[in-house]
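Beneath this line is the structure, given in structure tokens, with notes to follow.
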Amino acid sequence: MKSKSKGIFKGKIGADAKTQDEATLAKLLKDHDDEGFVPFHMPGHKRNKNFEYLSGVQKMDITELEGFDNLHAPKDLLIEAQKRAAEFFCVKESRYLINGATGGILAAMRAMTKFGDGVLIARNCHKSVFNGVELCGLKPHYVMPAYFEEYGFYGSVMPEEVEKQLLLHTDIKLVVITSPTYEGVLSDIKSIAALCRKHNALLLVDEAHGAHLGLCRSFEQSARNLGADVVVNSLHKTLPSLTQTAVLHICSDRVSVGEIDRALSVFESSSPSYVLMSSIDECIRYLSSDGAKTLDRWADMVDKFRRSTARNKRIKLFNGDREGRVFAYDDTKLVFLTVECALSGISFMRLLRKNYKIELEMAAANYAVAMTGAGDDLNAFLALSGAVYELETSVRERYGLVNINNVDIPQKVFEPYQIRGLNVVFAEFDESAGYVAAENVWAYPPGCPLICKGEVITTEFLHHSLLLYQSGIEVDSEQRAFPNKILVVAHDPSI
């Protein structure tokens, strides 16, 4: 079951000199400002230096001017930039995303399906996938990943579970998997991709947290090179690029590039940020030239940190390589398990912030996640190591474990897109069992749904969501009335 992918490297790190000598988008933007063009066009700051609160970023912030191309109808500059991205990531085509992986996921789902198609979704997918189901008028079927009740997070999606659903629901035209998860868990994408081809379904992989995968021999392989049809990467999560920057990769001939581009024009802003596009361009150029040293150093620091905490007895790091419920694991995610000490994951995160000025990515009842990235340096790892050591030696042991039991997938009564045509009302949350949910409820992060619209509200869901909320986890609903009320379909609750 374990992955054998480490040591297999695919990536164009170390591009030829000609590519690197081309003017970068950032330099072109700077040169344009230096030349003193008078801007009677958007945006309204007019690149005026007097707006100090913009911190100088306005000097690079333009609209689609002559010589700077148009992301939605590229002819030269941005065509070449996206070709460079595709070559670097070893894929058929790449597209810049300036509103994060979310825009890419929505566009991919729209381009890869038709209204009324069945779609198989891993239940731990990000909320953007569930929004895509509703917006595209799809009929969702679900595959439940393995689960760690002792920690409260998901393991890998098993290929045999995917095939079971593909055999059961012949209307499935698209499969959507998140790999890696927020906690670094990877699924067997190669096997799942083969099953999708066997059953004539497309495979979309939300690899937002894994843009670095496959770019260093110490990292696991990327879904880009394992048979997925479309992969979405968030550059900003782990690589040196600005927030909201991401890339959509078309990896096979089974997907229409034209349909992808048409969908992107719907879900992406018609005024894409040149600041963000220049960040993507610079990030890929940097990785192409100097990335090998940076990524190797990052991987080495992660490895040393993991070895330094290997003997911890109270605050341990999750080790996916030792777990049967995990196919493969992204070691760059540092998941601190607090099940054996008198701290919740949330308390652990708050202590690191309050006493050590260390900010973690997220926390839950029994664990907390420190996301490492290409920009981390040795001082950052030393600070984290010292803080964890002090807490490890000072906190008490925990006696008795509070399991976070998973909730079974509720019965589906309506397709999500059908809810808009129904009469809906607010119900008291603690009295809503038996009603059909008219909104999604999720824990964020990581943004996985606890219940989806169209599903029957169960007492199990009510208890589970309130337990998470009372544990300090941010639980929310689309109408933002949780935990007091929930939007439901107005009908006889005795289902």
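Separation of atoms OG1 (T238) and CG (D330) is listed at 8.0 Å; rounding is to 0.5 Å. Here L186 contributes atom CG and I177 contributes atom CD1; the two are 12.0 Å apart, rounded to the nearest 0.5 Å. Between T245 atom OG1 and D281 atom CG the span is 12.0 Å, to the nearest 0.5 Å.
Of the listed residues (L174, V176, D229), just one forms a side-chain contact (heavy atoms from CB on, under 4.5 Å) with L203, and that residue is D229. Of the options H169, Q165, E163, a side-chain contact (heavy atoms from CB on, under 4.5 Å) to L167 is made by E163 and by none of the others.
Between Y147 and Y154, the angle of the ring planes goes over 60°, which puts this pair in the perpendicular group of the 30/60° scheme.
The stretch residues 226-285 participates, sequence neighbours left out, in these ring pair (Phe, Tyr, Trp, His ring centres under 6.0 Å) pairs: F89-H249.
Under the 3.5 Å distance criterion, with hydrogens and angles disregarded, no donor-acceptor pair is assigned to the side chains of N406 and H464. Side-chain polar atoms of Y367 and E183 form a donor-acceptor pair below 3.5 angstrom. For H212 and K237, the side-chain atoms include no donor-acceptor pair closer than 3.5 Å.
Taking the six-membered ring for Trp and the full ring otherwise, the centers of F318 and F336 sit at least 6.0 Å from each other. Checked against the 6.0 Å centroid criterion, the rings of Y182 and H126 do not qualify as a close aromatic pair. The six-membered or imidazole ring of W442 lies away from that of F482, with a centre-to-centre distance of 6.0 Å or more. Proximity of the aromatic rings of F148 and F153 is defined here by a centroid distance below 6.0 angstrom, and this criterion is met.
Heavy-atom neighbours of R47 CZ from other residues, nucleotides or ligands within 6.0 Å: above the threshold of 12. Surrounding NZ of K127 are more than 12 heavy atoms belonging to other residues, nucleotides or ligands, all under 6.0 Å away.
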Inset, instruction - Test side-chain hydrogen bond (donor to acceptor under 3.5 Å, both in side chains) on E207 and N233 and set out the steps. - result: CA-CA 5 Å; E207 199 180 65; N233 288 147; 2.9 Å; yes
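Nearest heavy-atom pair, M109 versus V129, reported as atom, atom and distance to 0.1 Å: CE-O, 3.5 Å.
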Please report, to 0.1 Å, the donor-acceptor pairs under 3.5 Å made by any side chain of residues 445-453, with sequence neighbours excluded.
residue	atom	partner	partner atom	Å
K453	NZ	E134	OE1	3.0
K453	NZ	E134	OE2	3.4
K453	NZ	E478	OE1	2.9

